[in-house]
Amino acid sequence: MASLLCLSLLAAAAAATSPGRLVPFDLLYADGHLQMREDIEKYRRMSGVKSDSFQDLEAIPHWEAYETGVQHYDADEYLQAVARLEESLSEALSALEDCRALCEGPWEDEDEEEKMQPGLYEAIAAHYIQVLKCRQQCVLEIATKPGRISATEDFIPSHLDLLQFAYSQVGNHTLAAECAASYLLFYPSDEPMLEKMKQYRTELGEDAAVTARQSIQHYVQRSLMEKKLIYYAVEHLGETFNDPDLWTPDELIPENLKEKYREDQEKQKHETLDGEEREKRGPLPFEGIVVTMDSQQMNRTQRVVFDRVLTESECKDLLRLTKAAGEAGDGYRARRSPHTPHERFEGLTVLKAMQLAQNGDVEWRDAKLLLQASEKSRKIIESYFTSGKKLHFSFTHLVCRTAIDGEQEGRMDLSHPVHADNCLLDPEGQECWKEPPAYVYRDYSGILYLNDDFQGGGLFFTEMDTVTVTAEVHPKCGRLVAFSSGKENPHGVWAVSRGRRCAIALWYTHSQEHAEQERVKAEELMEQRAVEKDQPDGDKHQGTDGSSRSSSESHAPSRATKPADQRQKPGLDRKQHPKVLRARDEF
């Protein structure tokens with residue numbers, strides 16, 4: 001954290017004192033830390049700042065060249081793209097050799113040593129197999145972007161594919177044909193590339209010698225030889241192997257392993273069919289709820305908007321509960337938003353709501369309504385998206401964002417930047433990395449809106465580029481928007497430019513081990529309250545579970561909110577909250 005603070009201060013100082021100076025940043029933090037990414041984007045928008053003003057302190061030569069080459073390629077600057085992609089390919093092959101060299105030497109895995117047979121030949125074979133497997137995994141090492149733990153698929157072949165096209169665009173058909181021939185070493189039956197090769201041979205003449213690059217021939221031949229030895233050990237010696245390549249020929253893989261692969265493919269096919277079948281929805285579990293927009297209207301699958309989930313009176317009751325979020329909530333206490341300096345942010349978890357009710361700071365029935373409204377939303381989403389498959393709460397948060405008066409003019413930022421809920425969105429690489437610190441166990445997300453008397457604050461979905469908007473949802477009382485939490489649904493929130501926007505943010509998981517523990521404790525407090533009163537509930541409040549209450553029913557005035565204890569900043573451990581709130585969670 002100290003390193004991150006230093007980097008942020010250095011970057012801010014460099015940008016503020018001289019817009020043309022280099023702005024240092026660490027790619028690991030820039031990719032994984034929301035605030036650093038937002039700061040970098042802010043500096044990019046400053047006058048006088050250019051792309052070459054940024055210096056990456058974690059730069060790896062082949063990745064730096066590759067990303068620059070792809071940027072030139074996407075901008076149709078093919079001459080510059082060729083230079084950088086050739087540099088990237090050369091550096092990547094060099095890094096591969098360095099990685100392979102490190103695979104030599106004694107094996108240090110004690111568990112593997114215990115499995116080894118005591119004989120000399122067995123020990124030599126086991127050691128050599130480990131070396132071969134280590135060398136094979138080196139392609140994942142060089143294909144993993146700094147700050148990530150997931151590799152880019154087909155890293156070496158993708159270079160050749162891009163170079164083939166770029167060389168053809170600049171008119172160098174000889175090198176384009178060479179790259180195409182090299183690519184075909186990986187995928188010999190690739191029809192588009194075979195068609196390209198025919199064109200190149202016609203343009204160059206049938207007598208022209210078109211061969212793959214020596215470096216690529218060596219790479220492929222050596223890799224195939226090692227795979228043969230490894231797969232023999234898998235089949236006959238009980239070894240295991242996760243092949244890092246997609247291009248490995250089928251004939252190289254033992255039949256029993258291919259059978260397992262076919263079973264996995266068949267299972268995936270059935271899951272896809274099940275997903276298509278789920279499009280034929282059955283009736284919703286509550287009457288009066290309407291589907292306002294379905295996946296087709298929102299330009300994607302796994303998106304839906306429901307209306308009439310709450311009544312106007314229930315929205316008012318929950319909005320009354322939000323006052324406690326600003327006065328004695330879960331740590332933010334109406335401070336400036338962790339996502340933008342132009343808004344204040346306040347939140348209330350279900351457990352904190354129950355604790356406030358227990359202390360007499362809020363009405364019990366209002367706290368109970370928060371539990372019931374979120375449970376009603378869960379049942380609706382489960383019925384619509386995952387009928388027959390249980391959804392558990394992952395996290396529930398009553399959240400308000402308030403525009404700060406006098407600080408909205410010329411505003412360029414968002415209330416919440418575009419992101420995905422269970423993976424780290426990488427718009428430049430068109431990837432979403434399903435790895436920590438992302439909440440990879442989240443399966444579905446929802447937002448239950450409580451009001452619309454504000455400006456801005458709408459939800460929007462984008463392509464993975466985070467720029468192309470594909471659908472928008474405007475908040476209103478009782479409106480529930482639900483969607484799957486993966487890379488198919490990048491989303492953000494437009495700036496709240498006036499007023500206060502309140503909603504219940506909801507996340508769900510199929511994994512019971514990641515079920516929300518605060519909710520369990522909140523339900524226990526509610527049950528304890530019911531036992532103390534010797535009846536299920538002490539009032540007639542509620543419309544979300546089938547019973548009803550007059551909207552004109554009077555409320556007993558709640559006691560003044562008690563002074564809150566001193567709290568630590570968000571992100572630090574808090575004794576009252578077993579689950580630490582991360583700012584990037586909130587819609």
Side-chain angles (χ1 to χ4, degrees), residues 27 51 56 58-103 135-148 150-188 190 192-194 196-197 200 204 209-227 243-248 426 428-431:
L27 186 61
S51 59
D56 184 354
E58 289 281 327
I60 292 178
H62 67 268
W63 266 106
E64 189 175 28
Y66 178 74
E67 294 193 320
T68 306
V70 170
Q71 289 173 6
H72 286 307
Y73 183 93
D74 290 338
D76 298 337
E77 300 166 350
Y78 296 110
L79 201 59
Q80 298 96 316
V82 160
R84 297 314 304 268
L85 288 171
E86 287 285 16
E87 179 187 349
S88 172
L89 182 57
S90 176
E91 291 286 354
L93 292 174
S94 176
L96 184 71
E97 295 305 312
D98 292 341
C99 176
R100 288 172 60 85
L102 294 174
C103 291
R135 289 174 176 174
Q136 284 285 305
Q137 297 303 313
C138 280
V139 70
L140 297 181
E141 182 76 21
I142 66 165
T144 302
K145 185 179 177 180
R148 299 287 181 237
S150 304
T152 300
E153 293 179 344
D154 272 347
F155 191 58
I156 299 299
S158 68
H159 277 78
L160 298 165
D161 190 18
L162 295 172
L163 282 167
Q164 174 271 141
F165 185 81
Y167 274 124
S168 71
Q169 294 301 109
V170 299
N172 193 333
H173 294 147
T174 301
L175 288 179
E178 179 185 87
C179 291
S182 301
Y183 181 88
L184 287 169
L185 292 178
F186 296 95
Y187 294 104
D190 186 90
M193 195 62 77
L194 287 171
K196 283 284 186 184
M197 278 298 297
Y200 294 139
L204 297 172
V210 178
T211 58
R213 296 184 177 188
Q214 287 291 329
S215 59
I216 302 301
Q217 290 184 47
H218 174 69
Y219 173 87
V220 173
Q221 291 168 0
R222 182 178 62 183
S223 184
L224 289 176
M225 180 191 68
E226 291 175 350
K227 289 178 192 292
D243 196 328
D245 296 311
L246 299 177
W247 56 267
T248 303
D426 178 6
E428 291 183 4
Q430 293 288 291
E431 295 278 357

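Scope of the values below: all heavy atoms of this structure, side chains included, with no hydrogens, waters or symmetry mates.
The distance from atom CD of Glu428 to atom CG of Asp74, rounded to the nearest 0.5 Å, is 10.0 Å. Interatomic distance, Asp243 CG to Thr248 OG1, rounded to the nearest 0.5 Å: 3.5 Å. Note that CD of Glu87 is 10.0 Å distant from NE2 of His159, once rounded to the nearest 0.5 Å. From Leu85, atom CG reaches atom OH of Tyr73 across 9.0 Å, with rounding to the nearest 0.5 Å. Here CG of Asp245 is found 13.0 Å from CZ of Phe155. Values are rounded to the nearest 0.5 Å. Between the CD atom in Glu178 and the CG atom in Leu204 there is a gap of 11.5 Å [rounded to 0.5 Å].
For Ala180 against Tyr200, the heavy-atom pair with the smallest separation is CB-CE1, 4.2 Å. When every heavy atom of Ala177 is checked against every heavy atom of Met197, the shortest pair comes out as O-SD, 3.6 Å. Closest of all the heavy-atom pairs between Gly69 and Ala81 is O-CB, 3.6 Å. Residues Cys179 and Leu160 come closest through the heavy atom pair CB-O, 3.7 Å. Residues Leu93 and Ile216 approach most closely at CD1-CD1, 4.5 Å, considering heavy atoms. The minimum heavy-atom distance linking Glu153 with Leu246 is given by the pair OE1-CD1, 3.7 Å.
Within the 3.5 Å criterion, the main-chain N or O of Ile142 finds a donor-acceptor partner in the side chain of Trp63. When atom types are taken as modelled, the side chain of Ser182 and the backbone of Arg213 share a donor-acceptor pair closer than 3.5 angstrom. A donor-acceptor pair under 3.5 Å links the side-chain atoms of Thr68 to the main chain of Glu64, judged by distance alone. Distance alone, capped at 3.5 Å, is enough to place a donor-acceptor pair between the Gln217 side chain and the Ala212 backbone. In this structure, Asp154 contributes its side chain and Pro157 its backbone to no donor-acceptor pair below 3.5 Å.
Under the 2.5 Å SG-SG cutoff, Cys103 and Cys138 do not qualify as a close cysteine pair.
Side chains of His62 and Glu91: a donor-acceptor N/O pair is absent below 3.5 angstrom, by distance only.
Residues Leu96 and Arg100 have side chains in contact (heavy-atom distance under 4.5 Å, counting atoms from C-beta outward). Contact of the Leu224 side chain with the Trp247 side chain is registered, since non-hydrogen atoms from C-beta on lie closer than 4.5 Å. The side-chain heavy atoms of Gln430 and Val70, taken from C-beta on, include no pair separated by under 4.5 Å. Between Thr174 and Tyr167, the closest side-chain pair of non-hydrogen atoms is not below 4.5 Å. No side-chain heavy atom of Ser158 sits less than 4.5 Å from a side-chain heavy atom of Thr152. In this structure, the side chains of Ile156 and Tyr219 come closer than 4.5 Å at one or more pairs of heavy atoms.
Relative orientation of the Phe165 and Tyr78 rings is perpendicular, given thresholds of 30° and 60° on the angle between their planes.
No salt bridge links Glu431 with Lys145; every basic N to acidic carboxylate O contact stays at or beyond 4.0 Å.
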